[in-house]
Structure formats: structure tokens, C-alpha cells
Amino acid sequence: MSDSYTVGDERENEQDGAAADRADGRNVSTPDPVDETTGETTPSIQHIADADTVIEAADLTVHYGDVEALKPVNVRLPAQEVTAIIGPSGCGKSTFLRCINRMNDMVDAARVGGELRFRGKNVYDEDVDPVALRRKIGMVFQKPNPFPKSIYDNVAYGLEIQGYDGDMDARVEEALRGAALWDEVKDQLDESGLDLSGGQQQRLCIARAIAPDPEVILMDEPASALDPVATAKVEDLIDELAEEYTVVIVTHNMQQAARISDKTAVFLTGGQLVEFGETNRIFENPENQRVEDYITGKFG
Amino acid sequence: MTRLPFGLGGTDDGRDGDGDGDGVRTDSLRTGSVRTDGGETPNPFANVGDDIARKQLLGRVFVGICGASTLVGIVALFVLLGDVLYEAWGWVTLDFLTYPPSRFIENYYPDGRGAGIYPALVGSILLIALTAVFTMFLGVGAAIYLEEYAPESRLKSFIEANIANLAGVPSIVYGLLGLAVFVRFVGLGESLLAGALTLTLLILPIVIVSAQEALRAVPDSQRHAAYGVGATDWEVVRDVVLPAALPGIMTGTILSLSRAIGETAPLIMIGAATSMFRAPIEDVSGIPVPDLFGPFAAMPMQIFDWARLPEGDFQHVAAAGIVVLLTILLLMNATAILIRNKYEK
């Protein structure tokens, strides 16, 4: 049984996909597969729903002013797995990621529709404080952005503002070990986080994100500003993090997605989630012709 | 009009220098062959040289004009400083800094009874200290609100545009405002407090604008990092934005204050004394305390008072006053530069 399904209202996807194709003038001649909506995919939706779902999008949409950045997204992200979100520039993958911890709130023009559920609770409900949400969902950004403070204070910051009054030293060490940085910095905890190399800075940011012990870690192209060696270290780290956390990672790099993720979601131009499923299956045998074109490098 | 291939010499405005106004350098067309330099290696760039040389010359003339403009300012400043220092030489003494002014020039002489700028010096320092406290709170508060909290709206743009406009309002207008509001309406009289509040209004727009710029210079990635670990708006401002923006805010505020310390017009308007014999300091059971509600003198007005006295030697006294004022001003600017260098990465 195929462990995947195609997202959303299939018929609507077909139309949207065709419209998007015409709009950007690409793949107009590519016939969309007609067997995309066979009954075979239906049980697999059930299968993923049965898994320990942490994050679930239900008709989630985002508009920036009048621009539709995200077409209705329906997806369930399982716990303790790495989900990669891939797609070309401007396809809405970062927008989707930032819906999960409501970082889009900071963009004045952004409007979110539908629901984004964290453990079943819509995070856009009025009784959800985004501050409380972000304590459950850590985030690592595209460019390393440590505070201009000491390494120790960088890691401790999240715990401090959350009023943690236990053994701070132990938590900082634990987080730095978790981010595979402890051995490199244990003798220079008082030095500025900005003095570290780019790859170390990014692992410091990962340590900062995991120190308050969130359930989910969102990563927005965390290795795109790093050299190959640093990238390899961060990728190894993501693998380890998945034992404890649910990781959702946006990446430009398809090889990276194939290497590190369990599930993959493919967004394509127009802010549409086109396909979601087991990473191996997506890369070896995508159901959607446009996804196949994208993955094989025919466009993107 | 013909265009040469590759755009060489193809200026369309007729200013091609060959006088026929057709925009084509006919001379370079005529000398189509490659000129050689010394008969050895032919220079492949030789036949396009004339036009480039002309443009290069224009460039050098432009640099010359810009350099001369810079020089005018610097020379004027040094002549002014040199003249003041020459006039004041020997007149800035310890007595000058510690005695009240006098109408009699003999008292300013080295062997005189002692006279100087003391009340105005203390008055100016207290005035600026008070103004600094007020502007830090009001200016930085307004800047943080506008930059970090206020949603983008027409009202915000309107307010920001008007703050920028206020920065250009002449200082005498602020003097009138201070007279009407602080001296008369609030009833502070011609006091130190009224003077400080008036100067605060004067520099507030500049402080707000420069503080906003400092806040805007804090990268969003820093804010996002703090929000990402669950910081509230207030924690983001307190822990991340303010520490990063503080050097810029301090620099802007100090530079504004050094403008305020030389202001005369608003102080004249609110009726500050031109010359006082007592510093605005009270003795409260042995401890000197600034007299916020009493009259005060400030250095610019004291200098003006000396400069208009008929006795010739008072010009030297005025120059000495200017030297003291400029020293305070340079010290403030130096502080601003030190702060900027210390925190700039």
C-alpha cells in the first residue's frame, strides 16, 4: 500500500494546477495524470491520521494583502519525524512554516484563514497566546541569528524569559550537547556567540531553540547559508533531533530533503501543496506530473 | 543621426566635441586605424582615447570642486577657532571658571578681584542635564512606540511626517511656546525647569527621528530570534531591540543636546537672565541641590552680554566664554563618538 495521498480536493487541485501552469507559461503541454485520485490513496490518508499527529492544517490559507500566498492546505504532520517542505522560490513553503508558530502575525498585511491545529487545538483561536505557542514550537532561521550575548546567555535566554528557576547550567549544557556544540564551546561559554563560525552559530541557534524543550522545531532553510561541512553537521544533528522532537524543515535543496526527511511535502508555484507523502516514495515515484518535473529538475 | 557600433562615441546630444553638432565624432571615424605607441606593441585602445580623456578631465574638475567645497568649510572653522583662541589666550583661568561675572573689566584681569562665567556654566550644565533626562524618556519612548508598536497606518505616517516637520521649526518659535505654556500657563516662571522643558521640545523631534533610525537598524532577524523562543513584545524590546539600538540612540541624543546647549533664542523668549551672579544651586542643609524653580543664566546669553559691552577688553572675555562653551560642546561630541566606537561592531 502506498503510504501517501494527494492533498486537498483533487478536482480543485487539477484545475488550480492547470491554471497555474498556464499562468507561468510552463508545462502547458504536460498532461496531468488522470489516475491521481484513485481509491488507492484514500486508505493512506486514514493511515497518517491514525499516527500521532502533532500539526494539522485544515483549509489553511494565507493572503498578503490581495495576494494569495497559500491556497487551502490540508495536511497532517506526524510526531517525532522529520518533515521536509520543498518547492521553488515563492511557492509558500516558508509562509506555511511561519503559520505553525504564528510568526506571520508580525506581518501586518498577512491574513490567515482556515485552521492550523497543534495537538488538535486551532492555534489561531482567540484564546491562544502566540507567546505560549512559541514556547511549545521552537524555530531556527535561515541565517544564523545569535544574540550579541555570551554563548551561555544565548542558550539560557528562552529559559530565562519562561521563568525557569532550576539548574540553568545543566539545561544549558544539555541543550549545547543536544546541538552537538558542547565539546567545541564548553571552555568559552562566556564569549560572544557572534565570535563562532557560521556553522557553530547555527548550531548555537539550534541549542537556543531546544533549550526550553519544545515539542516541535521549525527550521527555515537552516543550512542554506552554511558551507558543505557545516551543512553536513547540521544535517546529522537534525537526524538526532528527530528522536526527541518533531522537526519541520523548509529547504531549497532536494538532495537534503531526500537525505534527512521521513515525509516530504511539495509546494509548487501559486502557494499550493501539491503532494505529501513518504520521502522515498515522493522522490522515486511521485504521483503528480508537476512534482515529478520539479524533482527531476525540469523546472523550478 | 547615425550611431556608431558598440556605442563608442555615440552620444546623441550633439556634444561630441567635433563642432558639427551631429552627435558623431567624425574625427575618430577618420582616424580609423590603430595608432601605435613607439612603433612596438600596437595599443588597441588608442583610437577611442580622445572622448575618454575628455570625460576623465571632467571627472577631475568635479572632484576638484567637491574638494574645494570641503576645504571652504574646514578653513572657515579653523580660522574661527584660531581667532577665538587667539582672543581668549590668557583669559581662560581658574578664576574665570569659578567667579561670577562683573561689570568692571578690571575684575577679569589676572591680578583683579576675580570674575568669570561660573553661574552661567553651572546653569548651562544643569539645563542640559535636565533636558537630557526629559528627552531620553520622551524621545526614546515615542520612538519605541512608533517603530515597534504602532501599526502601519495613515495616522502613523501623518505623525511621522509632522515630527520631521517639527525638526525644522525655528527655535524662536519653541521659545514662544515655552513662554506661553511653561512660563505663563503652568506658572513655572523664568526658571531652570521652564528652560529645560523648552529645550526639550526643541530637540525632541530630532531625538525621536534619530532614535527611530537606530531602532530600525536593529535587524529583524534579532527580533524573530527572541519571538521564536517565546518572548513577549515587551521582552523583545527590553532584551534585544533596546540594547542593540542604545549606542545609536545615545549618539543621536548627545548630538542633539550639544545643539541645545548653544541655543540662545528660546532662552531669550522665555525670559532667562542674561547675566546672573549666583549659580542656580541651593544649599539644603549643607548639600548643594539644583534650584529647579529659580532663575538661571546660560553660557550663550552670558557671552552675548559680554560681547555688547563697550569696554574693548570685554571682547577677550566673550572669547574666553566661547572657549568654555566650545570645550563643553566638544566634550559632549567626543562622548558620543566614544560610545559609538565602543559598541560598533
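Quick note on labels: first sequence line is chain A, next is B, and so on, each numbered from 1.
Closest of all the heavy-atom pairs between Gly230(B) and Arg135(A) is O-NE, 3.4 Å. Considering all non-hydrogen atoms of both residues, Tyr157(A) and Ala231(B) come closest at OH-CB, 4.0 Å. Of all the heavy atoms in Gln222(B) and Pro148(A), the pair that sits closest is OE1-CD, 3.3 Å. The shortest non-hydrogen separation linking Val229(B) to Ile161(A) is O-CD1, 3.9 Å. Nearest heavy atoms, Ser221(B) versus Asn145(A): O-ND2, 2.8 Å.
Residues Met139(A) and His224(B) form no side-chain contact, since every pair of their non-hydrogen atoms from C-beta on lies 4.5 Å or further apart.
Ile137(A) touches chain B through its backbone: at least one of N, CA, C or O sits under 4.5 Å from a heavy atom, while the side chain does not. No part of Asp233(B) comes within reach of chain A, as not one of its non-hydrogen atoms sits under 4.5 angstrom from that chain. Contacts between Pro130(A) and chain B at a heavy-atom distance below 4.5 Å are absent for every atom of the residue. Looking at Phe147(A), both its backbone and its side chain come within 4.5 Å of chain B, counting heavy atoms on both sides. For Lys136(A), no part lies near chain B; criterion is any non-hydrogen pair under 4.5 Å. Looking at Ala244(B), neither its backbone nor its side chain comes within 4.5 Å of chain A, counting heavy atoms on both sides.
With respect to chain B, the highest number of heavy-atom pairs below 4.5 Å among Lys143(A), Arg208(A), Arg134(A) belongs to Arg134(A).
Residues of residues 149-174 of chain B that come closer than 4.5 Å to chain A, counting heavy atoms only, are Pro151(B), Glu152(B), ordered by residue number.
Residue Met103(A) holds its CE atom at 8.5 Å from OH of Tyr227(B), rounded to the nearest 0.5 Å.
For Asp127(A), the CG atom sits in a packed shell: over 12 heavy atoms of surrounding residues, nucleotides or ligands are nearer than 6.0 Å.
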